> 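What follows is a single structure, and I will ask about it in a moment.
Computed from a predicted model, the values in this text were never measured in an experiment. Note that these values count all heavy atoms, side chains included, but never hydrogens, waters or copies made by symmetry.
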Amino acid sequence: MARFEDHFLTRREMLRVGSVAVTGYHFLPLVQPRAKAGGRASGSRTARFCIFVMLEGGQSHVDSWDFKEGPWTPEDFGVQSIPGVGKWPMGLYPELAARRDKYSLLRSMATWESQHGRGQYYMQTGHQHNPALAPELPAVGSVVAYEYAGDRRDSDSLPPFVGFNTFPQVGLIGAGFLPGGFAPFHVNTSSDISALAPRKEELRNFDRRWNLLREFDGRLRNDPALERKVFRDFHSHYEGAVEIMSDPRSADIFSIGDEDRARYGGNPVGDSFVLARNLVVADAGTHFIFLTHEDWDHHGSIYKPDNFYRRSHQLDTALSRLLDDLEMTRRSDGTSVLDETLIVCAGEFGRTPGELTNIAGRDHYQYAFTGLFAGGGVRPGQVLGATNESGAEITDYGWSGNRPVYPEDLVTTIYSAMGIDWTKTIEETPSGRAYHYIEIFSPTKMLANRVVRELFA
């Protein structure tokens with residue numbers, strides 16, 4: 001299996017390794033961790049792919065998908081009532097309003113964290129942040145990559161875990177103690193991604209230089225000694241990059257035509273949605289995509305055109321096009337790509353409800369927020385859960401857990417949809433502390449995580 005590292009892709013940097021993930025554990029014993037099945041949760045496997053859209057900074061739920069109208073509401077929000085949904089800001093999300101039959105909303109989400117870095121870490125790993133253990137805990141995408149390794153085909157050249165545009169706060173969480181092959185491959189859509197697909201006339205010279213490099217340092221790359229692990233990790237990165245660049249499919253997968261760019265919004269956010277679509281349609285090895293839509297942290301001037309309006313319009317356009325394209329694209333057996341792709345869209349928390357602050361913004365709010373779910377077995381058209389008139393308090397949980405849906409439940413639900421036993425543990429860790437896919441005990445309180453089965457048909 002090809003190895004990939006967390007790496008920002010530009011033409012110059014394509015084969016340069018600078019990731020902490022490569023070097024962080026090269027002095028620790030080299031282990032091949034094996035998961036011990038819990039035997040209690042086989043998962044439904046209604047999805048083979050997951051696209052997680054992270055609204056970094058925290059989308060205001062009361063101005064979007066759990067809308068609460070008040071004297072603060074701008075007139076051009078164009079508030080209308082949608083049957084089964086309630087009030088909806090048509091001026092912000094008209095495209096998603098027209099696609100209510102393609103997704104479901106979960107309005108009873110909550111979190112234990114109210115700080116960005118800790119909240120984003122929590123959403124990416126399903127574990128609350130523990131400074132002593134954070135360097136060794138893998139991201140959800142790395143666990144998915146690890147679990148799907150046995151399904152990898154000889155023709156699969158693309159990394160199992162890909163991230164887009166994840167720069168702020170904690171950045172993109174890596175593979176932790178898992179082997180480097182399960183680390184995320186990071187793409188910055190604001191930079192030149194053409195390096196992923198060299199022109200045909202460049203391939204001969206590229207192959208010659210690659211073979212020369214392998215001859216030059218081959219002994220170090222294959223030396224089993226512990227102190228040579230860093231070279232083996234470099235080798236994994238190189239081989240993964242070369243495999244992508246040598247695959248003729250990469251030219252189409254990592255390219256964006258003018259029509260698609262315009263349809264998806266004509267901005268880096270829309271571009272990342274196009275590439276996410278291409279990756280799942282190609283079915284060439286990628287199973288988990290973490291896509292960051294940044295800058296939802298509107299403490300002040302939330303209703304300025306460049307703030308909530310701009311972010312909402314970008315998301316409305318790009319997410320709607322993604323839903324359309326995945327639904328229309330069919331596999332050989334007639335099923336749509338959306339049928340096998342779980343889409344999750346949420347921030348790390350919500351925003352304070354009611355009147356705006358004295359600087360015309362909304363602060364962090366951990367007690368209620370909304371997530372959007374589609375594809376991968378999700379029964380569309382539902383609205384699960386409800387909050388009170390201001391959006392401050394969950395009044396209806398909307399699921400059998402009879403409590404808020406926490407990040408542990410969200411990750412459990414993702415694992416279940418992808419056919420992963422979330423009760424598994426891995427004993428061989430650098431700290432010697434068993435790694436649980438989902439923690440049995442939350443650092444805040446005891447939490448019996450559960451699958452939100454009500455989301456699914």
Side-chain angles (χ1 to χ4, degrees), residues 1-26 30 145 149 152-164 172 174-175 178-257 271-272 274-276 278-279 281-287 289:
M1 173 181 160
R3 306 266 175 144
F4 305 88
E5 302 301 337
D6 180 6
H7 191 58
F8 298 160
L9 297 176
T10 64
R11 182 175 292 274
R12 281 185 184 277
E13 293 178 318
M14 181 61 203
L15 294 175
R16 182 177 65 81
V17 178
S19 172
V20 173
V22 177
T23 58
Y25 285 99
H26 73 272
L30 181 61
R152 197 165 176 87
R153 301 160 298 195
D154 291 340
S155 60
D156 289 341
S157 66
L158 298 185
F161 175 17
V162 176
F164 288 103
L172 186 61
L178 292 176
F182 307 119
F185 196 70
H186 188 261
V187 179
N188 173 11
T189 57
S190 297
S191 67
D192 181 9
I193 60 174
S194 64
L196 287 167
R199 296 190 301 271
K200 290 183 179 179
E201 59 269 26
E202 296 177 344
L203 287 177
R204 183 175 180 181
N205 190 45
F206 176 81
D207 289 339
R208 179 185 63 79
R209 296 171 67 183
W210 168 239
N211 290 328
L212 178 62
L213 178 62
R214 296 176 67 185
E215 291 176 9
F216 181 75
D217 62 2
R219 182 181 63 80
L220 291 174
R221 295 177 184 221
N222 296 293
D223 190 335
L226 174 61
E227 60 271 20
R228 296 289 185 257
K229 183 178 184 297
V230 64
F231 293 102
R232 293 193 297 271
D233 287 340
F234 285 169
H235 179 60
S236 294
H237 170 78
Y238 287 138
E239 288 205 327
V242 169
E243 192 170 5
I244 295 173
M245 297 170 73
S246 302
D247 191 325
R249 295 174 295 182
S250 294
D252 291 329
I253 295 170
F254 290 100
S255 63
I256 304 171
D271 289 351
S272 66
V274 174
L275 295 179
N278 292 351
L279 285 168
V281 169
D283 189 10
T286 300
H287 288 280
I289 298 168

> Are I289 and F164 side-chain neighbours, meaning at least one heavy-atom pair lies under 4.5 Å?
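Yes, their side chains come closer than 4.5 Å.
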> Without swapping roles, check the side chain of D156 against the backbone of R153 for a donor-acceptor pair under 3.5 Å.
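Side chain of D156 to backbone of R153: a pair is present.
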> Roughly how far, to the nearest 0.5 Å, is the NE2 atom of H287 from the CG atom of L279?
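Reported value, rounded in 0.5 Å steps: 11.5 Å.
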> For the residue pair L172 and F161, what are the closest heavy atoms and their distance?
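Heavy atoms of L172 and F161 come nearest at CD1-CZ, 4.3 Å.
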> Determine the minimum heavy-atom distance between R152 and S157, stating which atoms define it.
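For R152 and S157, the tightest heavy-atom pair comes out as NH2-C, 3.6 Å.
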> Return the minimal non-hydrogen interatomic distance between D252 and N278, and the atom names on each side.
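Shortest heavy-atom separation between D252 and N278 comes out as O-ND2, 3.8 Å.
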> Considering all heavy atoms of both residues, which atom of P160 and which atom of G181 are nearest to each other, and what is their separation?
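Between these two residues, the closest heavy atoms are CG-O, 3.9 Å.
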> Run the side-chain contact (heavy atoms from CB on, under 4.5 Å) test against D271 and tell me which residues pass, sequence neighbours left out.
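For D271, the residues satisfying side-chain contact (heavy atoms from CB on, under 4.5 Å) (neighbours in sequence not counted) are T189, I256, R261.
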